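Numbering of ligands and ligand atoms starts at 1, following listing order. Being a predicted model, the structure only gives us computed values, none of them experimental.
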Amino acid sequence: MSVARAGLRAAAVSLLAALLAAGAPAQTAPPEVVQTMCQACHGLDGNAPVSAFPQLAGQRPEYLQKQLEDFLAKRRVNDAMAPALEALNKGDIPAVAAYYAAQKPKPAGSSNERLLAEGKALYDDGNTATGVPACVGCHLAGGVGNERYPRLAGQFPEYAVAQMKAFKSGARSNDKGKVMRAVAARLSEQEMAAVAEYLAAQP
Ligand code: HEC
Ligand code: HEC
């Protein structure tokens with residue numbers, strides 16, 4: 001490559017970098033309550049440090065908002081979340097939901113290829129023999145979710161399985177129209193483990 005061409009290329013690269021920086025969305029500072037409370041378990045960027053706490057980064061803002069309203073109204077109950085909820089005002093919810101939704105998710109990942117393939121089949125096709133509907137019909141391809149259905153991609157399998165069990169037992173009952181309770185009621189423990197493994201590996 002000639003010196004002139006190399007120089008031109010370098011100029012083009014730095015121009016591109018400048019354009020990308022200018023186009024990048026402004027990084028909003030975490031809301032106060034996230035810094036003082038939520039980050040201890042969910043991480044400052046919504047990627048929880050341990051699998052006991054759900055990933056919030058990249059979750060749909062509408063879903064985060066609904067869950068926080070449900071927790072405050074005790075339609076959804078969890079002992080670990082209770083003290084943090086004392087510090088959460090209803091007015092903080094939209095900013096907290098928007099903040100965590102805007103963070104970059106780091107998928108939990110999976111190395112169990114066999115379980116993952118079994119989970120993908122259930123996710124995409126359901127189980128006609130037992131009447132499990134295809135998850136993809138609501139949670140969309142790869143579990144990305146939309147404004148009505150939560151994102152499941154990248155979530156810790158431990159957490160996802162715990163929620164499916166909670167829906168199945170009725171311990172969690174904040175799904176409108178019992179939609180998830182009806183699905184979970186038909187899931188076997190093996191299917192829960194497989195589908196959670198598949199979801200953990202999704203970007
Ligand atoms: C002591 C640890 C802890 C703290 C602090 C905490 N959480 Fe949680 N959070 C949890 C646990 C555990 C769950 C799972 C609850 C369950 O199993 O139903 C959860 C669940 C959630 C969920 C539901 C996620 C989903 O996918 O449905 C949201 C949203 C959430 N927390 C937001 C917050 C916010 C906002 C704060 C700060 C005000 C906060 N949490 C503080 C432990 C914590
Ligand atoms: C008819 C639509 C529908 C179908 C089909 C469906 N879901 Fe859901 N799912 C929902 C809704 C709605 C929620 C959120 C409920 C709420 O508001 O708390 C949910 C929540 C969940 C959650 C909890 C998410 C969290 O962050 O706490 C998991 C896990 C889940 N679904 C897994 C599945 C799996 C696996 C399948 C397929 C076997 C499936 N869902 C099929 C509608 C559906």
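Annotation: Tyr159 places an N or O atom under 3.5 Å from an N or O atom of ligand 2; distance criterion only. For the pair Lys66 and ligand 2, the shortest N or O to N or O distance falls below 3.5 Å.
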Q | Verdict with reasoning, His42 to Met81, per side-chain contact (heavy atoms from CB on, under 4.5 Å) | A | CA-CA 11 Å; His42 295 289; Met81 275 284 288; 4.0 Å; yes
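Taking atom 8 (Fe) of ligand 1 as reference, His42 places its N/O/S atom NE2 nearest.
Closest heavy-atom approach to atom 35 (C) of ligand 1 among the candidates Ala97, Pro83, Cys38: Cys38. Between atom 16 (C) of ligand 2 and the options Gln163, Gln67, Lys176, the minimum heavy-atom separation is to Gln67. Taking all heavy atoms of Met180, Arg76, Arg172 into account, the minimum distance to atom 18 (O) of ligand 2 is reached by Arg172. Looking at Ala84, Ala52, Ala40, it is Ala84 that brings a heavy atom closest to atom 41 (C) of ligand 1.
Within the coordination shell of atom 8 (Fe) of ligand 2, defined by N, O or S atoms under 2.8 Å, His139 is present.
For the ligand labelled ligand 2, residue Pro54 lies outside the 4.0 Å heavy-atom shell. Proximity of Met192 to ligand 2 is not established, as no heavy-atom distance is less than 4.0 Å. At least one heavy atom of Tyr63 lies less than 4.0 angstrom from ligand 2.
With hydrogens left out, the protein atom closest to atom 19 (C) of ligand 1 is Met81 CG, 3.4 Å, a heavy atom.
Checking Asn112 against Arg114 by side-chain atom types alone, no donor-acceptor pair falls below 3.5 Å. A side-chain donor-acceptor contact under 3.5 Å links Asn174 and Gln67.
By the criterion of a heavy-atom distance under 4.0 Å, neither the backbone nor the side chain of Asp70 is placed next to ligand 2.
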